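Have a look at the structure below before the remarks.
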Protein chains: 2
Amino acid sequence: MDAMLLPANKTCPIAGALAVLGQKWNLLLLREAFVGSTRFAEFQRIGIPTATLGARLEVLVEAGLLERQAYQEEGERTREEYRLTQAGRDALPILAALAQWGETHLDLGARPKVGFVSVSSGSSAHLEFVDENGKLVKADNVRVERAA
Amino acid sequence: MDAMLLPANKTCPIAGALAVLGQKWNLLLLREAFVGSTRFAEFQRIGIPTATLGARLEVLVEAGLLERQAYQEEGERTREEYRLTQAGRDALPILAALAQWGETHLDLGARPKVGFVSVSSGSSAHLEFVDENGKLVKADNVRVERAA
DNA sequence: CCCCCTGACTTTAAAGATCGAACCCAGGAT
DNA sequence: ATCCTGGGTTCGATCTTTAAAGTCAGGGGG
């Protein structure tokens, strides 16, 4: 990841975000957190080796995307679980954008769709570009400008 | 990346997208393509080693995000440049989501902002969640559902 | 006291990915 | 013929991830 933090990349929000989110497994771990996983063993369900899981949870906590919270069940010791911070929750559009792209361009076979659901209306939600006046903008009508 | 394609992950659009887009450098290369880079040497500006660049461009072409096009300048040989396909262009929300997160949560220092601009209105564009009825949904009001 | 169990990690060597430096290739110009 | 330029490739070193084995710690039970 260091090589991606050249002077020019260091001020680029995309490169900066990728410095932590681009590390293997991190976005899938965040997805797990979004669907409710909190415990070490729950995060293992994505198939990540435990050594990597331990290291990644540490990275996500240090980067402020997850936080540790102590919990204790009856007859059990105090343990720690991992919960999304606001910064972690703010990564939701990244996951949604990846999901949208994957749905559109990959052959994923027959399966129930993954869902991003509006809690208040109960209907599914997807990402759109919106301009400063609140108008929808088609993605093909959005240009990326490099800072000078 | 293979371990991320467990049976359960294989049908997940996020994991599937990450199988190609999650590879180091690929999203930054797409960003370069969006701002107009087409040639091998132009992509090098992100600081990627040439060996990795060669391999990555091949991956992005094979995955259908970039395509090669022959070009020839006067007095020069025929060369190939790399241009976004529709699948490549459809990755724009991913870059925008990363940029939004980076802008919000990283200390990037003083610099001109990176821009996503609506071509027709000239104003900046950002991502929002929208429900099936076209209504804006706040991200904190979006729930991620795991497929059963 | 010891043992067991369970969940949460850690250790270690091997495999895989990325990198830096050197190098090669090919076509056009001289 | 050589030189130049752009587009790569090769290769050994370094870093990252992995699989397998292991440790740790607290609570319960004998």
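Below, all heavy atoms of this structure are taken into account, side chains as well, without hydrogens, waters or symmetry copies. None of the values given here were measured: they were computed from a predicted structure. So you know, we letter chains A, B, ... as the sequences are listed, proteins then strands, and number each from 1.
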Round to the nearest Å and state the distance from A:Leu53 atom CG to C:dT10 atom P. 10 Å
Output for pair (B:Glu32 CD, B:Glu42 CD), nearest 0.5 Å, gives 8.5 Å
Under a 4.0 Å heavy-atom cut-off, which of residues 60-77 of chain A touch DNA chain D? A:Gln72, A:Gly75, A:Glu76, A:Arg77
Would B:Val130 end up clustered with B:Val144 when hydrophobic side chains under 4.5 Å apart are linked, directly or stepwise? no
In whole Å, what is the span from the CD1 atom of A:Ile48 to the P atom of D:dA19? 11 Å
Rounded to the nearest Å, what distance is computed from the CZ atom of residue A:Arg56 to the C1' atom of nucleotide C:dT10? 15 Å
Tabulate atom names and distances for all N/O pairs under 3.5 angstrom spanning the protein and nucleotides 10-15 of chain D.
none

By ring pair (Phe, Tyr, Trp, His ring centres under 6.0 Å), which residues pair with B:His105, not counting sequence neighbours? B:Trp101
Whole-Å gap separating P (C:dG7) and CD (A:Glu81): 15 Å
First locate atom CD of A:Gln100, then atom CG of A:Leu127, and finally report the distance between them rounded to the nearest 0.5 Å. 4.5 Å
Does a side-chain N or O of B:Lys24 approach OP1 or OP2 of D:dT16 to a distance below 4.0 Å, or not? no
Side-chain N or O of B:Tyr82 versus OP1/OP2 of D:dG7: is the shortest distance under 4.0 Å? no
Between C1' of D:dG6 and CZ of B:Arg45, the distance in whole Å: 15 Å
Return the 5'-most residue of the pair A:Arg79, A:Thr52 with respect to DNA chain D, ranking by each residue's nearest nucleotide. A:Thr52
Without decimals, in angstroms, what is the distance between B:Gln44 CD and D:dG6 C1'? 9 Å
Between atom OG1 of A:Thr78 and atom CD of A:Gln72, what is the distance when rounded to the nearest 0.5 Å? 3.5 Å
Atom-pair distance (CD on A:Glu80; P on C:dC9), nearest Å: 7 Å
Are the side chain of B:Asn26 and the backbone of B:Val20 linked by a donor-acceptor contact shorter than 3.5 Å? yes
Point-to-point distance, once rounded to the nearest 0.5 Å, from CD of B:Glu67 to CZ of B:Arg83: 9.0 Å
Figure out the CZ/P separation between A:Phe40 and D:dC24, and round it to whole Å. 16 Å
Do NZ/NE/NH1/NH2 and the carboxylate oxygens of A:Arg143 and A:Glu145 come within less than 4.0 Å? yes
OG-CD distance between A:Ser37 and A:Glu81, expressed to the nearest 0.5 angstrom: 11.0 Å
Where the side chain of B:Trp25 is concerned, which of D:dG7, C:dT18, C:dC9 is the nearest nucleotide? C:dT18
